[in-house]
Amino acid sequence: GAVVSQHPSRVICKSGTSVKIECRSLDFQATTMFWYRQFPKKSLMLMATSNEGSKATYEQGVEKDKFLINHASLTLSTLTVTSAHPEDSSFYICSARAGYNEQFFGPGTRLTVL
Amino acid sequence: QKEVEQNSGPLSVPEGAIASLNCTYSDRGSQSFFWYRQYSGKSPELIMSIYSNGDKEDGRFTAQLNKASQYVSLLIRDSQPSDSATYLCAVNEIRYSTLTFGKGTMLLVSP
């Protein structure tokens, strides 16, 4: 299958700081990327859909000013958690759509906000 | 509202047995169906995709789709302890780009 990378894999930061997470499709071009969040033992929750060169579409209840998404190229999307707080601590996972409909997930970024 | 239903489990099977995981979906317009495996603390991994009625086999995995019954299943033959994970069913329509995920079924394969 297609390969999607994420960086960093783990980050610990202080409350009030901003954290940027990168998602890259390594061997294919992804016109659409997705950002998910998953709390322990809970289901995946879609946060936003990102199309290359256009503004992201956020799911209901997700603050677009807090979770900034940029999809500047066909292989890179970034998620910036601004002014992070302990309640933002979670597992953030991106995915990229390849070809017809298949989505491939990155390995995830575990964010801990102290 | 599109819904994808899965039994949360856990489904417990002995090593070497066949594990059968089931999924139903509400949207009759759904065209694409996927099974993902998620190990604890890891991200989901795509293991099977199926688009037309019938069976699709890949190694020890067989996906089965019945659009009339709005039902998709995953069979795992010769189950191994390493198959122990949560299996997510995902569905989408051609017109939409987002997948609708079920909550997943936890599979436990005992040695």
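Letters A, B, ... mirror the listed sequences (proteins, then strands); counts begin at 1. Predicted, not measured: the structure shown is a model, and the values here were computed from it.
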**Student:** Could you check whether atom NZ of B/Lys56 has more than 12 heavy atoms from other residues, nucleotides or ligands sitting under 6.0 Å from it?
**Tutor:**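 Counting neighbours around NZ of B/Lys56, more than 12 heavy atoms of other residues, nucleotides or ligands fall under 6.0 Å, so yes.
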**Student:** If every non-hydrogen atom of A/Glu102 is compared with every non-hydrogen atom of B/Ser49, which pair is closest and at what distance?
**Tutor:**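 Nearest heavy atoms, A/Glu102 then B/Ser49: OE2-OG, 3.0 Å.
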**Student:** Inspect the surroundings of NE2 in A/His85 and state if more than 12 heavy atoms from other residues, nucleotides or ligands are less than 6.0 Å away.
**Tutor:**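 Yes, NE2 of A/His85 has more than 12 neighbouring heavy atoms, counting only those of other groups under 6.0 Å.
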**Student:** Report which part of A/Gln38 has an atom under 4.5 Å of a heavy atom belonging to chain B: side chain, backbone, both, or neither.
**Tutor:**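 Only the side chain of A/Gln38 comes within 4.5 Å of chain B.
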**Student:** Is it the case that over 12 heavy atoms from other parts of the model lie below 6.0 angstrom from the NZ atom of A/Lys66?
**Tutor:**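 Counting other residues, nucleotides and ligands, NZ of A/Lys66 exceeds 12 neighbours.
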**Student:** Quick check: closest heavy atoms across B/Ser43 and A/Gly106, and the distance to 0.1 Å?
**Tutor:**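 What the structure gives for the nearest pair is OG-O, 2.6 Å.
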**Student:** Please classify the contact between B/Lys103 and chain A as side chain, backbone, both or neither, with a heavy-atom cut-off of under 4.5 Å.
**Tutor:**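 Both parts, backbone and side chain.
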**Student:** Chain A heavy atoms under 4.5 Å from B/Gln38: which part of the residue, side chain, backbone, both or neither?
**Tutor:**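 When you check distances to chain A, only side chain atoms of B/Gln38 fall under 4.5 Å.
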**Student:** Check each of A/Tyr36, A/Phe104, A/Phe105 against B/Pro44 using the side chain to side chain contact (heavy atoms under 4.5 Å, CB included) test, and report the only one that passes.
**Tutor:**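 Answer after filtering A/Tyr36, A/Phe104, A/Phe105: A/Phe105.
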**Student:** Taking NZ in A/Lys42 as the centre, count heavy atoms belonging to other residues, nucleotides or ligands within less than 6.0 Å. Is the count above 12?
**Tutor:**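 At most 12 heavy atoms, drawn from other residues, nucleotides or ligands, come within 6.0 Å of this atom.
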**Student:** Would you compute the distance between atom NZ of A/Lys41 and atom OG1 of B/Thr86 and round it to the nearest 0.5 angstrom?
**Tutor:**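 That separation rounds to 9.0 Å.
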**Student:** Do A/Tyr58 and A/Trp35 belong together in a cluster built from hydrophobic side chains that touch within less than 4.5 Å?
**Tutor:**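 A/Tyr58 and A/Trp35: one cluster.
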